[in-house]
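Worksheet for the structure shown next.
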Amino acid sequence: LIRKYQLTSLGNKMAASVLRAFGRSAHQVGVFGVRRVNTGAPAALAGMNSRRFDDPTMRGCVDEATYNEFHAAIREGRAMDPKKADKLATSMQEWAFKLGATKFAHWFFPMRHAAGQSNAGLKKETFLDFDFGDSALLKSFRPGGFCGSQLFVSETDGSSYPSGGLRDTHTAAAFTAWDRTSPPFVRNATLYLPATFVSHSGHALDEKTPLLRSEEAINQQALRVIRALGDTTAKKVVSNNGAEQEFFIISADDFIARPDLVASGRTVLGASPPRGQQTSQNYFGTFANRVDDYMEELSTELWELGMSLVVQHNEVAPAQHEFSPVFSLSNVAADQNIMSLEVMNEIAARHGLRVLFHEKPFANINGSGKHCNWGLNTDTGKNLYAPGKTTESQATFMVFTAALARALHLHGDLIRTGVGAPGNEHRLGAQEAPPAIMSLYTGKVMEEHIRAIIEGGPLEGYRGGTAAIPTGTKVVAPVEGALEDRNRTAPFPFCGNRYEFRSVGSTQNVAVPVTYLNTAVAESLATLADMLESGVSARDATAQFFSEHQAVIFNGNGYSEEWVEEAERRGLKNLRSCVDAFETFNSEKNIKLFQDHGIFSAQEVEARREIMLQTYVDTLLIEADCMLLMLNTGVLPAAARDLAVYNAAPELSGDRSAVYSALAASTAELEQTIAQVPRDDSLAAARFILNTLVPQMDSTREKHDAAEVLIEDELYPYPTYQEMLYSRFFE
């Protein structure tokens, strides 16, 4: 009935009646292959998942044999039966047609980072094919023809993407392949297929492929551990992630008028306004009307695309905001986050706005991060990072927390490298984000339990749970809070049922830091599994891990200078700059780690190190060149005109002549410094930029900002901080 009458409203009603007779709802099965939610929900929520080809949608679109073959192919790591693959492709095409799709695209994530955000790639192809029923020599075209081979794999050109030497100029082939665990979706009349991107030799040219490899490593090693702990039912362990995205919203006109924002995503010049984030006016404040309209449209769009956007609020800095989804599989969470970045600016353009994702688009106010709520779950529903109420779950929790502690202690350098975006340098350790020192925040109660384990106590006993929060009034319901208070200064605080990786930068593809985290944890789980399988008890193995790696546990103020000194005494690395971190990436330790768990070959490690360094060099040179351009063609001419205003009354000019002359001299020094950057060695260039060019840029900016506040408003050539941060509040 569903298939026969699916194009009529009567068919819908009849199908619903049949489903009710069998005790199932249209929401569970999927009429038209699109899931429906409770009809009592508002229209915006009723469209949830309507443009996403997820598992329930697939089940409603294909026959049972095709559905089962698809999942069997994933489990066994093989291709689908060709005929069933074609059936799936045809069904997906029909579903996409109903949503207006005329094209399809494998959507992938090359190792590139530009203009303040990670950038996806795609090649759109139209749903067209030859009409093979046409007997003419020159056959006509017809809509459709989408087949299994097109669905799963596509060949493209990989020649112009960063590869770090993984491919030669004359070897251009690259391949995209649909990540079968990440649901396709339709937007902009295109069926998007989240995909991996590899070279002809199988080297990863993207951020997704290593993440999927790390997921397999986590699954393999975590299964060994839980088997040794007595779990014989779980068949899979996955990592989950929920990424809290912070961002700024400004007027599109102001964005276009700022060459630095257009080129680099951040302002390289700009004096602070009288009001910055003093008095916390913006934090959890009311949305400006224009922003509120924008966020409503954004929410509806992301819900339709299957993103579980549940929280949105104003952040600390003026014009700064945040949204958060519910956690999902780490690879899906990474895809959805990048999708959201693309959608955000598409919708912003319709509202005359621009979204800034850079970690520090404005100086002297808080920047933006992307906190990753990370954890491990089994396919049977166990959360391995939730203490739970049973002795079994509490023991398992401590075992896996010990593995995380060891991973952070031994591989803190690698995990620091994973958050080493150039823009993140402005945040880490700057009293608004955790320091560059990787540590684990457990809370005092858990730390006491860990010490008890080290001293011979049992694994179980730490229950987590809640604590009563006194309010002093009877008119509100009793407040239950987490047992441990939050710690915003820690890179890895425990949050009751997960660990929050707070160091990730707002521009980053979360696939990168999560890949490194997964890999480090998988290595610790492998070591733990070896011990358990050799007869060491879970209690003794966990106690040994905690004893050897308790130096990484820190429950104090991560912003303090005292912690920097204490961390050094504990032997924890403090890789203050991303250049320092990148330089360690190809250490023997890291190469062995990646090779042992099938993440990267030695050649891939070297290539990624080169790309990291070159990205840093390119990013900082773009910023420096932009600063020079704005000064020479905009600010200095404006300063000269402003100074001329006082020719008739020089006594009123104050310090203008000296301030403007100092800026001109510093601009000339900046130009000379840029010219001295080495061009044939990425590490040498990065070191020179870090140690020489960046201090010169900082000095020049300081002189500019002193000049800006003297130049007559109408003469200053660019939108000011005052205009950019506050203008849309009054529209």
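The CG atom of Leu269 sits 6.5 Å away from the CZ atom of Arg258 when rounded to the nearest 0.5 Å. Leu309 contributes atom CG, which lies 11.0 Å from atom CD of Gln245 (distance to the nearest 0.5 angstrom). The line from SG of Cys626 to CG of Asp260 is 5.0 Å long, rounded to the nearest 0.5 Å.
The minimum heavy-atom distance linking Asn366 with Gln277 is given by the pair N-OE1, 2.8 Å. Contact between Ala421 and Gln508 at its shortest, heavy atoms only, is CB-CG, 3.8 Å.
Side-chain contact check for Thr720 and Glu708: no donor-acceptor pair (N or O, by modelled atom type) lies under 3.5 Å. A donor atom on one side chain and an acceptor atom on the other are found under 3.5 Å apart for Thr700 and Gln696. Checked by atom type, the side-chain pair Ser682/Tyr616 shows no donor-acceptor distance below 3.5 Å. Defined by atom type and a distance below 3.5 Å, a donor-acceptor pair is missing between the side-chain atoms of Arg112 and Asn119. Between the side chains of Asp618 and Thr615, no donor-acceptor pair of N or O atoms lies under 3.5 Å. Glu297 and His351 share a donor-acceptor pair across their side chains, judged by distance under 3.5 Å alone.
A cation-pi arrangement is absent between Arg266 and Phe362 under the rule of less than 6.0 angstrom and at most 45 degrees off the ring axis.
Screening residues 659-705 for ring pair (Phe, Tyr, Trp, His ring centres under 6.0 Å) gives His704-Tyr716 as the qualifying pairs, with residues at least two apart or on separate chains. Annotation: salt bridge (Lys or Arg N to Asp or Glu O under 4.0 Å) contacts involving residues 646-666, sequence neighbours excluded, comprise Asp642-Arg656.
The aromatic rings of Phe554 and Trp563 sit parallel to each other, their planes meeting at less than 30°, with 60° as the upper class boundary.
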**Request:** Before giving the answer on side chain to side chain contact (heavy atoms under 4.5 Å, CB included), spell out for Glu244 and Phe323 the whole-Å C-alpha distance, their side-chain angles and the decisive distance to 0.1 Å.
**Result:** CA-CA 6 Å; Glu244 305 171 19; Phe323 70 65; over 6 Å; no

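Each of Asp335, Thr515, Asn509 was compared with Lys208 under the side-chain hydrogen bond (donor to acceptor under 3.5 Å, both in side chains) criterion, and only Asp335 meets it. Of the candidates Gln320, Lys370, His321, Gln320 is the only one forming a side chain to side chain contact (heavy atoms under 4.5 Å, CB included) with Glu246.
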